[in-house]
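The figures here come from the full heavy-atom set of this structure, side chains too, leaving out hydrogens, waters and symmetry mates. By convention in this document, chain letters (A, B, ...) are assigned in the order of the sequence lines, proteins followed by strands, and residues within each chain are numbered from 1.
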Amino acid sequence: MPELPEVETMRRAILPAIGHRIVAVVAPRSGLRPITFQPHLPKLRRRLLGRTVRGIDRCGKRLVLELDDASRLVIEPRMTGLVLPDEPLDHAHIRLVIHLAGQLAGEAKAAKHRVQDGHRAGCSIYYWDQRGLGAVRLLSLSQFWQLCGPARIGPDALEISAAELQQRLGHSRRQVKVALMDQQAVAGIGNIYASEILHRAGVHPAVPCCRLDDVQWLAIQKAMRSVLHDAIRCGGSTLRDGTYRRSGRQEGGFQQHHQVYDREGQLCLRCRQARIARFVQGQRSTYFCPNCQK
DNA sequence: CATATGTCCTGAGAGC
DNA sequence: TGCTCTCAGGACATAT
């Protein structure tokens with residue numbers, strides 16, 4: 001569920017970790033199946049300890065922590081993963097905790113004491129994941145490029161031009177909503193925002209890409225940017241299941257602005273004529289207004 | 001090559 | 001009340 005706006009919101013929340021050194025890595029035990037760790041936990045922990053976070057980026061729907069030895073910690077929340085700067089109320093689904101200390105007072109030993117005393121001077125990164133489909137990977141630079149390089153992940157949905165979007169998808173026979181969720185074509189869009197983007201663009205979700213003209217591709221690209229920017233401004237979307245949260249159990253706000261997603265049978269807020277319809281595309285729910293999107 | 005389908009997982013909610 | 005069933009959708013493996 002975390003798509004570009006949610007992951008970007010998580011990224012911004014943990015930016016204070018930059019410049020801090022990893023002093024503890026904890027994976028709480030639970031009866032749940034473990035998430036994917038690469039490499040496995042003992043090695044992952046050993047390699048992380050003592051590293052300093054140099055930068056925090058986003059690659060599509062993944063968070064990327066750049067460490068001082070040029071390795072990359074890639075966190076992939078998939079369906080229910082959350083990256084938080086403070087402790088979630090539900091401890092049962094905490095999968096990994098990274099404690100960091102400031103480097104000013106130096107020694108990891110002193111830093112560890114501060115961590116135990118309530119980590120006053122440092123900060124922490126919590127990875128919480130209810131369904132456990134997510135993954136945490138510590139990768140060398142070359143491994144990172146294999147996973148997140150241009151061969152696997154397309155241009156970011158916030159950056160891509162209309163011309164490049166059209167060039168990448170314009171010849172495809174796939175239905176446009178399905179194609180927009182192809183991370184190799186354009187990175188960051190998932191099921192919720194694909195529906196919202198196409199509604200704002202006025203394009204029917206089942207139209208094959210190759211039937212769209214220049215004007216429609218431009219409309220899609222403009223809608224993509226504006227919808228995603230609006231959603232980031234709101235801190236993402238917390239759906240009915242309530243899984244997605246910001247720090248302190250705070251909900252996102254963009255669900256209040258959804259025009260079509262999860263609004264089946266309700267009046268379209270733009271035309272106020274038709275009711276929002278739902279159908280299934282690639283085993284996923286698509287929502288659209290039959291009047292605004294033809 | 002392009003496109004379509006099945007799979008992983010947990011918890012919520014429906015239906016009986 | 002308590003059981004079983006279905007659904008939610010991210011990315012990847014496998015199938016067509």
Checklist entry - To the nearest angstrom, how far is Leu133(A) atom CG from dG6(B) atom C1'? => result 14 Å
Next on the checklist: Using whole Å, what does the distance between atom C1' of nucleotide dC12(C) and atom CD1 of Ile153(A) come to?
Outcome noted: 11 Å
Next on the checklist: Less than 3.5 Å apart, any donor N or O on the side chain of Gln175(A) or Gln281(A) sitting next to an acceptor on the other?
Outcome noted: yes
Next on the checklist: Whole angstroms only, please: what is the CG-C1' distance between Leu180(A) and dA11(C)?
Outcome noted: 17 Å
Next on the checklist: Would a single hydrophobic cluster contain both Val186(A) and Val178(A), if residues Ile, Leu, Val, Met, Phe, Trp and Tyr are joined by side-chain heavy-atom contacts under 4.5 Å?
Outcome noted: no
Next on the checklist: Within this structure, what is the CZ-CE distance for the pair Arg246(A) and Met10(A), rounded to the nearest 0.5 Å?
Outcome noted: 10.5 Å
Checklist entry - Within the pair Arg174(A) and dT3(B), is there a side-chain N or O less than 4.0 Å away from OP1 or OP2? => result yes
Item to check | N/O (side chain, His171(A)) to phosphate O (OP1/OP2, dA2(B)) under 4.0 Å | outcome: no
Item to check | Length of the line joining Arg137(A):CZ and dC12(C):P, which is rounded to integer Å | outcome: 7 Å
Next on the checklist: Is it true that His171(A) and Gln167(A) share a donor-acceptor pair across their side chains at a distance under 3.5 Å?
Outcome noted: no
Checklist entry - Can you give the dot-bracket line for DNA chain C, where a pair is Watson-Crick or G-U wobble with both atom distances under 3.5 Å, crossing pairs use [ ], and | marks a partner on another strand? => result .|||||||.|||||||
Next on the checklist: Applying a 4.0 Å non-hydrogen cut-off, can you work out what Gly132(A) is touching in the nucleic acid: base, sugar-phosphate, or nothing?
Outcome noted: nothing
Checklist entry - Arg168(A) CZ to dA2(B) P: how many Å, rounded? => result 12 Å
Checklist entry - Does a nitrogen or oxygen in the side chain of Thr243(A) sit under 4.0 Å from OP1 or OP2 of dG11(B)? => result no
Item to check | Side-chain donor-acceptor pair present, Tyr193(A), Glu6(A), cut-off under 3.5 Å | outcome: yes
Item to check | Charged tip of Arg72(A) within 45° of Phe144(A) ring normal and under 6.0 Å | outcome: yes
For nucleotides 5-8 of chain C, which of its nitrogen or oxygen atoms have a protein nitrogen or oxygen under 3.5 Å away, and what is each distance?
| unit_1 | atom_1 | unit_2 | atom_2 | d |
| --- | --- | --- | --- | --- |
| dA8(C) | OP1 | Ser285(A) | OG | 3.3 |
| dA8(C) | N3 | Arg131(A) | NH1 | 3.0 |

Item to check | Contact nearer the 5' end of DNA chain B, comparing Arg240(A) with Ser172(A) | outcome: Ser172(A)
Checklist entry - Using the C1' atom in both, what is the distance from dG11(B) to dC12(C), to the nearest Å? => result 24 Å
Checklist entry - If only side-chain N and O atoms of Gln183(A) are considered, is one of them under 4.0 Å from the OP1 or OP2 phosphate oxygen of dA11(C)? => result yes
Item to check | Side-chain donor-acceptor contact under 3.5 Å, Arg21(A) with Thr52(A) | outcome: no
Item to check | Side chain of Glu76(A) (C-beta onward), nearest among dA11(C), dG10(C), dT10(B) | outcome: dA11(C)
Checklist entry - Centres of the Phe288(A) and Phe279(A) rings: under 6.0 Å? => result yes
Checklist entry - Gln130(A) CD to dG9(C) P: how many Å, rounded? => result 14 Å
Checklist entry - Would Gln255(A) and Thr238(A) count as having a side-chain donor-acceptor pair, cut-off 3.5 Å? => result no
Item to check | Atom pair distance, as rounded to whole Å: CZ in Arg78(A) and C1' in dG11(B) | outcome: 19 Å
Item to check | Pairwise distance NE2(His93(A)) to OG(Ser30(A)) - rounded to 0.5 angstrom | outcome: 7.5 Å
Item to check | Interatomic distance where CZ belongs to Arg62(A) and C1' belongs to dC12(C) [whole Å] | outcome: 10 Å
